[in-house]
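Here is the structure we will look at.
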Amino acid sequence: LAAQLNGTKPTLNGHASESNESSSTSERLQVINDEKNFTTHLTAQIGRWGLRDAGFNYNIVAVFGSQSTGKSTLLNRLFGTTFDVMDETRRQQTTKGIWMCRGKDMGVMVMDVEGTDGRERGEDQDFERKSALFSLASSEVLLINLWEHQVGLYQGANMGLLKTVFEVNLGLFGKKAQDGSQGRTLLLFVIRDHIGVTPLENLQATLTADLKKIWDSLSKPQDLEDRQLSDYFDLAFTALPHKILATDKFEAEVQELRKRFVDKTRDDFVFKPAYHKRIPADGVAFYMENIWEQVQTNKDLDLPTQQELLAQFRCDEIASVALADFTVQSKSQRRPIEAGHVVEGLGDLMRNWRSHALSRYDRDASRYHQGVYQRKRADLLGVMDSTLSPLFLGQLKNMHKSCLSAFRKELLDGLRGDEYSFADVVGKARTKCETRFADGAKEVSLEDTDWTWQDEFESLREEIGNVADQCRKDETKKMVNLIERNFKKQISEPIDISLNKATPDMWDKVLSTFKETLEKAESTYLAKAKSFDCTDDENVTSLAALRKRAWLALRAKIDEQTADTAILGKLRTHFEERFRYDENAVPRVWRPDDDIDGAFKTAKEQTMDLIPRYAKITPVDPSLEFTLPSESSDPLNSTDEFDFPSTLVIFTETKSLDLTARFRKDADAYYVEAKRSTVSSIAQ
Ligand code: GDP
Ligand code: MG
């Protein structure tokens, strides 16, 4: 093999040192070697030829013919390729195999099929058959190369070769022929060493007649019995002068022939769309390798299946390339989302990643089997959507959180100061928050997904409700506290005065002050509660609390005024006013004949009468009576027992006795003092 490789031509092994475009486009590759193994380099080579992204915009041509009929020479002249040509001086036999080159300045892959006919050498026709299958499955044009003197030799080797081609073609495209797609191939006969004595038309007629004979002699499957050669093949004929005897003419006519492979505007342009086997350029390598494997293992070569397999393989590859970028892009936002951030414009980002990946996929994969392409597209979308879905859900969750805290802040800001309507503040904040969430959720919802944000929205609304409720309760509490404080301030002085005077209607005064003030407090509460949207239940509870607190405040005030020292002071003052001062509030100077005992007794008794008056809250006018519902202690709520009737009692019986005793002592001291003052005045 090494001897056959012309050392000056760039080979696959030689490309490394020459990396410029023109040298790599002239590289050749042995696609199938003489051991019938398929190369592992075809994908890479098609890339270096610059054809990988050509889509359908490339052509494949193969040459068939007997050994040493100048096939490689023709290809090199025609396409500017670098196939090996037999060395004239040594006449070495070429090996079997298929070589491939890219045509110079044209998007054509050229296959040089060597050793196609073994019958001249009595070899088995195995390779002939396999290479015919292989070439027909991929090529648009089959060059059939033959000497002029071989024409008309119906029994000759060429005819055996053509018979094989026809048979194989029937197997491959037999059933597909009717729609005209995929199955058509151009057979371009190149008659070499044409002397010119016999005109091309005559040679063409002879060949056509022979081809028909061969076609008719084929044993065809029953359902294809009526098929004509023309159902599958277009025939074209050309002749070339002797290369050595008429070199200039040969070269000129080859250049003329080349135009038919290059100039799309010509009527006889050979690469008609109908011949294209519709294998996207980036799938050619995989497709050919599979075809060869099927051929090699003598399996039935079912092209539709092959196309589907190819589509599956390539669509997967294309999808994973598209997915690689997408994965990097989507990963970039995973961290911020997981950290709880709301990513601005996440929906647009996701839409971009997704449509970018899809359009990449569509660009390359849409050329393949439509069913497979669509199915894999749906798979790709599914994978992408399930990658994006956590971002979507995360964004919703984060928006939920941020909207809720914005709502809280909005509430607090709105409730600053005194003049605000709670309902207005809540309503505005709620609308703002809900709109913000809904807008964001719509932005991040991708088209063609089953993603929904309604659940999250509902739960947000619920929490907004809870926050508003809690806030209202807090505000109500604050308001009640304020009212309570004002209440205490308002009752303080009138109660002091009433309790100091201890008139018989003392409690009437206390209670009417209490009731009036409480009434005012309640109406203050109700006025404010309106703007708080408080429920009736809440109002009932708040009012009850307010009443109880007012009552307890009153009680505290009374307790303060009836504490031991305070009450004893009051009693003493009362007693003094009656004992030490006369009716005109003039201080008494006791004389020996004054009725000190009588005055003392009266003053003492009058004062002692006050103790039961203070001891219990009892108005003279029963309409002034006040009452609160008692509450039994509730261990669950740890509320203390509240027994209203007992709060009416200021002094118990024992306490009253004790106070009486202590007051007596005070009074006695005054008595002794009074007595002493008369003694001392006598002594003077
Ligand atoms: P292949 O085996 O069919 O590829 O034939 P080659 O291209 O290797 O050529 C085989 C021999 O035929 C070489 O010695 C060529 O120089 C010679 N040859 C090539 N073209 C022609 C031609 O048009 N006429 C004649 N007579 N010989 C040719
Ligand atoms: Mg050759």
Side-chain angles (χ1 to χ4, degrees), residues 1-9 11 26 28-34 36 61-104 109-121 123 127-128 131-132 134-135 139 141-151 153 156-162 165 187-198 200 203 237-258:
L1 177 68
Q4 288 191 320
L5 294 175
N6 188 329
T8 60
K9 286 173 185 163
T11 65
S26 66
R28 63 179 176 179
L29 178 69
Q30 189 172 25
V31 180
I32 291 155
N33 66 14
D34 46 356
K36 296 181 186 167
V61 58
V63 72
F64 264 67
S66 310
Q67 293 270 327
S68 301
T69 46
K71 297 189 298 293
S72 303
T73 307
L74 172 68
L75 296 180
N76 289 346
R77 286 276 153 285
L78 209 48
F79 300 111
T81 50
T82 53
F83 295 115
D84 273 343
V85 173
M86 181 197 274
D87 185 342
E88 197 67 55
T89 56
R90 277 184 280 175
R91 279 257 154 208
Q92 255 162 337
Q93 204 182 44
T94 35
T95 47
K96 290 175 186 168
I98 297 180
W99 290 79
M100 204 189 267
C101 274
R102 181 192 163 160
K104 195 170 194 292
M109 293 185 229
V110 185
M111 291 201 286
D112 189 6
V113 184
E114 288 184 337
T116 34
D117 97 84
R119 61 193 86 216
E120 279 186 337
R121 280 171 282 139
E123 291 172 14
F127 186 73
E128 174 183 297
S131 54
F134 181 74
S135 303
S139 306
V141 177
L142 223 54
L143 295 176
I144 311 289
N145 192 56
L146 72 169
W147 300 123
E148 183 186 357
H149 61 72
Q150 286 177 305
V151 175
L153 297 177
N158 278 304
M159 298 302 133
L161 180 65
L162 286 167
V165 168
L187 297 181
L188 175 53
F189 289 84
V190 183
I191 298 161
R192 308 291 292 271
D193 287 3
H194 183 226
I195 301 166
V197 176
T198 316
L200 179 61
L203 297 169
F237 301 89
T238 190
L240 289 175
H242 197 293
K243 178 179 175 280
I244 293 144
L245 299 181
T247 312
D248 289 350
K249 248 185 121 200
F250 172 83
E251 290 297 341
E253 290 201 21
V254 168
Q255 285 319 303
E256 193 54 34
L257 181 57
R258 178 182 162 90

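Start at 1 and go down the list; that is how both ligands and their atoms are numbered. Not measured: the values here are computed from a predicted model.
Between Asn145 and ligand 1, a contact under 3.5 Å exists for no N or O pair. Among the atoms of Thr73, some N or O lies under 3.5 angstrom from an N or O of ligand 1. Between Asp84 and ligand 1, not a single N/O pair is under 3.5 Å apart. Annotation: Phe250 places no N or O atom under 3.5 Å from an N or O atom of ligand 1; distance criterion only. At least one N or O atom of Gly70 sits closer than 3.5 Å to an N or O atom of ligand 1. Residue Trp147 places no N or O, backbone or side chain, under 3.5 Å from any N or O of ligand 1.
Listed by chain and residue number, nothing satisfies the salt bridge (Lys or Arg N to Asp or Glu O under 4.0 Å) test with Arg258 (two or more places apart in sequence, or in another chain). Every residue meeting the salt bridge (Lys or Arg N to Asp or Glu O under 4.0 Å) condition with Glu256, not counting sequence neighbours, appears here in chain and number order: Lys259, Arg266.
Checking Ser72 against the Mg ion (ligand 2), an N/O/S atom falls under the 2.8 Å cut-off.
Near Val85, meaning under 4.0 Å from one of its heavy atoms, ligand 1 places the atoms 7 (O), 8 (O). Contact atoms of ligand 1 toward Arg192: 20 (N), 21 (C), 22 (C), 23 (O) (distance under 4.0 Å to a heavy atom of the residue). Interface of His242 with ligand 1, defined as ligand atoms under 4.0 Å from a residue heavy atom, comprises 26 (N). Using a 4.0 Å cut-off to heavy atoms of Ser68, the atoms of ligand 1 that qualify are 1 (P), 2 (O), 3 (O), 5 (O), 10 (C).
The heavy atom nearest to atom 24 (N) of ligand 1, considering only Asp193, Val63, Thr247, is found in Asp193.
Put simply, the side chain of Ser72 gets close to the backbone of Asp84: a donor and an acceptor are under 3.5 Å apart.
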